[in-house]
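Atoms within a ligand are numbered from 1 in the order they appear, just like the ligands themselves.
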Amino acid sequence: MSNKVTKIGVLTSGGDAPGMNAAIRAVARTGIYYGLEVYGIMRGYSGMIDDDIFHMSTRSVANIIQRGGTILKTARSKEFREYEGRQKAYENLKKRGIDGLVVIGGDGSFRGAQKFSTEFDIPCIGLPGTIDKDIAGTDFTIGFDTAVNTAVEAIDKIRDTADAHDRLFVVEVMGRDAGYIALHSGLATGAECVLIPETRTNIEDLIQQLTEKEKRKKLVNLVVVAEGDELGGGNEVGRILKERLPNMDIRVSILGHIQRGGSPTCLDRILSSRMGYHAVESLMTGRHNVMVGIIDDKMHYVPLDTAVKEKQSFTSDWLKIIKILAS
Ligand code: F6P
């Protein structure tokens with residue numbers, strides 16, 4: 001493999017996602033295998049600015065493939081949004097001779113990487129690390145599968161108590177302004193309906209659907225709400241439903257940050273390992289400022305700015321399937 005870089009840095013930025021550690025491991029070990037020097041950068045762009053950077057060996061990433069969180073820690077750096085911050089960061093890379101970066105994070109992290117590499121001519125490769133799955137150019141993002149499985153496990157438990165009390169449960173899941181966690185976990189748990197920001201929710205239809213279900217003595221009524229839904233999050237949807245359906249026993253459950261933790265699933269570990277390997281290969285072959293994605297099981301490279309501007313295509317028939325299967 002031709003070698004366009006000699007020393008590379010790796011960082012995790014934005015909200016942590018299960019599988020980030022597996023991706024760090026893959027970057028470090030692939031880089032060292034090909035004779036590169038690899039540096040770990042702590043707390044995302046903050047560590048680049050504060051010069052919190054260390055030399056990695058293959059042992060630095062031992063025993064982490066199965067761990068959630070990120071050994072490099074993560075942050076959302078305000079200073080990096082300013083030119084002065086980015087310049088400081090550049091000086092710290094330059095004095096070590098770091099000539100390539102792998103940024104594992106979400107859309108905000110990619111925006112930073114894009115800007116940085118244009119200003120200072122350091123090639124950056126992005127790996128999509130976010131539980132939200134709100135990045136184009138890849139079927140899955142690192143952490144999404146684990147987060148959805150965590151949500152499914154939690155909702156299954158809620159179903160037990162909902163059934164025992166004949167209650168309607170409104171469950172809020174994460175996703176910022178994207179509805180993928182809600183859509184996937186809702187379909188997988190047999191939810192009555194799923195409210196997501198990508199589609200407008202017709203509250204009258206929802207009320208009618210829930211009323212009919214009660215008449216037919218449906219055992220369990222679960223409504224999964226994405227936190228970014230335009231009606232509001234779980235509390236707001238719960239408030240509306242309690243007001244409109246006073247005879248129903250309704251509870252709200254907000255799953256919260258539990259969805260960000262835990263050991264990554266097999267899918268997330270494989271995704272992270274393949275993407276990490278290809279991030280290093282990309283830097284070595286001179287592929288610059290792209291995000292590494294996987295579509296239909298094949299590696300896919302999209303410019304960083306395209307990855308953040310475009311959304312994944314949304315499959316609207318999923319909502320229809322959820323409705324039919326909940327009948
Ligand atoms: O982007 C990942 C995410 O977990 C979102 O789903 C959520 O809206 C947000 O981060 C929460 O951020 P914080 O941990 O800063 O509260």
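Which of R260, K133, M174, Q259 comes nearest to atom 10 (O) of ligand 1 through a heavy atom is settled by distance: it is R260.
The shortest contact between atom 15 (O) of ligand 1 and any protein heavy atom is with R76 NH1, 2.7 Å. For atom 8 (O) of ligand 1, the nearest protein heavy atom (residue, atom name, distance) is E227 OE2, 2.5 Å. The nearest protein atom to atom 1 (O) of ligand 1, hydrogens excluded, is given as D132 OD2, 2.7 Å; this is a heavy-atom distance. With hydrogens left out, the protein atom closest to atom 9 (C) of ligand 1 is R176 NH2, 3.6 Å, a heavy atom.
Looking at I131 against ligand 1, only its side chain comes within 4.0 Å, counting heavy atoms.
Residues T6 and D99 have side chains that bring a donor and an acceptor to within less than 3.5 angstrom of each other. Residues R86 and S77 bring no donor and acceptor atom of their side chains to less than 3.5 Å of each other. S117 and N289 form a side-chain donor-acceptor contact under 3.5 Å, judged by distance and modelled atom types alone.
Within ligand 1, counting atoms from 1 as listed, the ones closer than 4.0 Å to a heavy atom of H257 are 13 (P), 14 (O), 16 (O).
Among the atoms of G175, some N or O lies under 3.5 angstrom from an N or O of ligand 1.
For the pair E153 and K157, the salt-bridge criterion is met [side-chain N within less than 4.0 Å of a carboxylate O].
In this structure, I295 shares a hydrophobic cluster with no other residue, the cluster being traced through Ile, Leu, Val, Met, Phe, Trp and Tyr side chains under 4.5 angstrom apart.
The neighbour count for K298 NZ, taken as heavy atoms of other residues, nucleotides or ligands under 6.0 Å away, does not exceed 12.
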